[in-house]
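Just so you know, residue 1 is the first one in the sequence shown, and it goes up from there.
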Amino acid sequence: MPSKMSLFNKELFFQIGRSTGWVSLVYFFTLFFIIPFKILMILDSKEDIQFYQTKTSLFEYDFQIQMGLMIVIPVLLAVLIFRFLHVKQANDLVHSLPIKRDKIYHHYALAGIFLIVAPILLISIILLFMHFFYDIDSLFTVMDIFFWAGTTLIISLLLYTASVFIAMMTGISAVQIVLTYIFVLFPTGFILLLFTNLNILLYGFPSSYYLRKQFGNLSPITFAAELEGRIPSWKILIVYGILTVVLYGLALFFYKKRRLETASEAISVAKLRSIFKYGASFCFMLFGGVYFHMISYENIGWTVFGYGVGAAFGYFAAEMVLQKTWRVFTKIKGLAIFLGIIVFLVIGSQALGFYEKKVPKQSEIKRVLVGDNPSFYFNRQDGFTDNFYNPKPIKDSQNIAAVRRLHEQIIADKEILKGSKNDLSSTIFFIYELKNGKKVIREYHVMTELYNDLYKPIYESEEFKRNSREIFMVDETKVKNIRITAIGPIGKEVTLSNPKDVQEAISLIKEDVLAESYEDSVYFQYGRSTIELQLGGENSVIFELKPTYVKFNAWLKEKNLLDQVKATSEDISKVVVAKGEFSPMDLEEVKRKVEQNGDSLTITDKEQIEHALETAGGNYRDQYSYAAVFYYNNGDDDEVLYFDEAHVPDFVRSHFK
C-alpha cells in the first residue's frame, strides 16, 4: 500500500531554519534593545521620560535603525532562503527530492515568513507584558503596540514576497537584491522621472501639482521612510496586504514554470529579457535628460544629449548584465531602433500644440483656482498637518475672464519665458474646473513683474481676496487672542485677549486687506511685525502687519499700542542707503555693496528714520534701485530693506540726484 507524503516536511523546515535562523535572531535582539530595553532604561530616567512622553508611536524609538531593519531583513532572508535556485548543485539537489514543486515553494516561502513574523510577535508580547506590569501609558498604549506590529509586519512581508517573486525572475542572488529594490521603488521613481520629463517637453505641464500627491505610498520603502511621527492610512496597509498575497501567488506560478538550467542566468525568464533591457534604457534615458537639463540650466540641446547618453548607458549596462561580459558595444541595432522610436515620440510631443495652447473657453469654465502653491489645494488625509484652510476658487465671470487673459499671455510669451527663467522667477498654477466635471491644470514659471497689469485686476478683486487671504478663512468667534510681535532683536510684543478688541481688530484688518492695492501687496510682502491669530491648541494663523493696514495701525495708535508692536526710530541707530541694482536673493552681498558704496546716504535723523521704516519694503524676486541697511541700537543686528521708485522717500531721491 503506497504511503502518503505529508503536507509538512519538518526536516526540510528545520534545515531552512538552521541555515537562515540566525537572521531572525539578529532581528529579534536588535528590536529588543532598541524598543523594550530602551523603554526600561527610560523609566529610570526622569529627563528621558519627559522627552519620550511626546512621542506619538513606537516607531519613534531609534526610527532609523527600525527602518533599516524593516527594509533589509526581509530581502536578506528571501535571498538566503532561495539561494538554492541560483546555485546549480543546490538547485539540482533540492529538485531531486521526492517532493512536488509547489510543496518545496511553500516550505521555503513559509519558513521565511515565520522567521520574519516571530521576532515581531515576540517583541509585541514583551511590550504587552511591560504595559501590564508598568504604568507607562504616557510612553505607549496597547493600540500603539498593535499599530507598530501590524505596520511592521505588513511592510516586511510585502518586501519579502517582492524579493521572493524577483528570485524567480533571476538566477543570480546579487541581481536579486538589486532588482528587488528597483522593483519596489520603481512606481515612485518612474512617476517622478516621467512627470519631470513631461514638464521639460510640454510647456505648462503641472509636474509640481501631480508630484505633491501621495506617490510616496506607491513604494513600501518610501512609505516606511515617513512612519516617524505619522499615522499612516490603514487603507494603504490593506492594499499592501493584498499585494503581499498576490506576489506570493505569482512567485509560486513562475517557480513552477521556471527551468532548472536558468541558475546563474541574470534573467531566468527569456521573455522578460527584452523588457529588462529596454526598460533600463528608457529609465536611464529619462534620468539622463533630467540630469543634463538641470546642469545645463535648462538648455534643450544638452537635454536631448542627456536622453541619448542615458539611453545608451542603460542599454549597454543591461546587455552586460544579461550577457555577463563587457564586450557588448557592437550590438547597437537594438539601441538604434530604440533611439529612433524615442526621437519620433519626442518630436511628436513637441507637435502637441493643442496641449500647450489649451485655455478653456469662458463658457466651459465653472470656476478656477489661481496661485503659486499647489499644495494648498489638497485636502490631506495621510496624517500630516497642513495649513488648516484651502483657498477657494473664483466664480465671477469678470475674474475668470481676467485669469484667462493672463493665461493666454503667458502662453503667447512661451519663448520669452523659457529663455529668461532664473532664480527670480515665480510659479503660477491655473486649475480650471469645467462644467463637464473635468479639470485643466497648468504650471508656469514667470517673471511676475512682466505681468503686473494682468495680475492686478485678479489680485485686487474682492472675490479673490476673500477666497485666498488668511484673514478671511478664520471664524473670528473662535479666535482666542491676537499676538502681535515686532520683527528684529527688539523683543516687542502685545497680546489682545479681550473678545471685543479681537473682533474689532479682525474686522479692521479685513477692511485694510480689501483696500490694499496689488502693487502694495507685492512691495510690502514682508511687514515690520507678525500677527498671530490663536485658535486654541496648536492651531493659529500668522501673517504680516504691513504699513498699508491703515485702519488697523490707526486703531493700534489710538490704543497707544503701535510703538509696542513694531520697530521705531528709537530702536534704530542709523540707516545707510545706496543706489544701484540690488537683488534680494543674496542679502550679504547687498549689505556689502551698500556699506562699500562711496556715494551712500547715512540717515541718523529720527523723523527720517521713521519715514524710511514706513516706506521700505521688498520681496525676494524683484530688482530694486535702492537698498537700505537698518542698524539696531545694540550694534550687533541689522536688517536689509529696499525702496522702489514709487515708495522711495524724497530726501533719499534728492540725495542721489
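- The stretch residues 462-490 participates, sequence neighbours left out, in these ring pair (Phe, Tyr, Trp, His ring centres under 6.0 Å) pairs: Y459-F464.
- For K579, the side-chain hydrogen bond (donor to acceptor under 3.5 Å, both in side chains) test picks out no residue, with sequence neighbours left out.
- Checked against side-chain contact (heavy atoms from CB on, under 4.5 Å), K593 has the following partners two or more places apart in sequence or in another chain: F582, E589.
- In this view, D571 and K492, T568 satisfy the side-chain hydrogen bond (donor to acceptor under 3.5 Å, both in side chains) rule, not counting sequence neighbours.
- Taking CD1 from I484 and CD from Q564, the interatomic distance works out to 10.0 Å, rounded to the nearest 0.5 Å.
- Listed by chain and number, the residues in a side-chain hydrogen bond (donor to acceptor under 3.5 Å, both in side chains) with S363 amount to none (sequence neighbours excluded).
- Within the 4.5 Å cutoff, side-chain heavy atoms of V359 are placed close to those of I411.
- Of the candidates E516, E463, E460, E516 is the only one forming a salt bridge (charged side-chain N to carboxylate O under 4.0 Å, His left out) with R469.
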Would you be so kind as to tabulate the donor-acceptor pairs closer than 3.5 Å made by side chains of residues 553-561, with sequence neighbours excluded?
residue : atom : partner : partner atom : Å
N553    : ND2  : K546    : O            : 3.1
N553    : ND2  : Y549    : O            : 2.9
W555    : NE1  : E504    : OE2          : 3.1

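- With respect to Y631, the side chain to side chain contact (heavy atoms under 4.5 Å, CB included) criterion is satisfied by exactly one of V575, T602, V576, D637: V576.
- The ring pair (Phe, Tyr, Trp, His ring centres under 6.0 Å) search around F643 returns none, not counting sequence neighbours.
- Between the CG atom of L508 and the NZ atom of K510 there is a distance of 11.0 Å, given to the nearest 0.5 Å.
- Of the inter-residue distances, the one linking L545 atom CG with I482 atom CD1 reads 11.0 Å to the nearest 0.5 angstrom.
- A distance below 6.0 Å separates the ring centres of F59 and F147.
- For the pair D453 and K456, the salt-bridge criterion is not met [side-chain N within less than 4.0 Å of a carboxylate O].
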Chi angles and distances behind the side chain to side chain contact (heavy atoms under 4.5 Å, CB included) call for I458, N399: CA-CA 6 Å; I458 302 170; N399 292 332; over 6 Å; no

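- Taking OH of Y432 as the reference point, atom CZ of R442 lies at 9.0 Å (rounded to 0.5 Å).
- With respect to R466 and E462, a salt bridge is recorded, a charged nitrogen being found less than 4.0 Å from a carboxylate O.
- By the ring pair (Phe, Tyr, Trp, His ring centres under 6.0 Å) test, Y240 is found to be paired with F223, residues two or more places apart in sequence or in another chain being considered.
- Take S507 and apply the side-chain contact (heavy atoms from CB on, under 4.5 Å) test, not counting sequence neighbours, and it matches E511.
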Take F429 and S208, measure what side chain to side chain contact (heavy atoms under 4.5 Å, CB included) needs, and give me the verdict at the end. CA-CA 10 Å; F429 286 86; S208 298; 3.7 Å; yes

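- Applying the ring pair (Phe, Tyr, Trp, His ring centres under 6.0 Å) rule to Y523 yields the partners H647; only residues at least two apart in sequence or on another chain are considered.
- The ring pair (Phe, Tyr, Trp, His ring centres under 6.0 Å) search around Y451 returns none, not counting sequence neighbours.
- Screening residues 359-369 for salt bridge (charged side-chain N to carboxylate O under 4.0 Å, His left out), with sequence neighbours left out, gives R367-E433.
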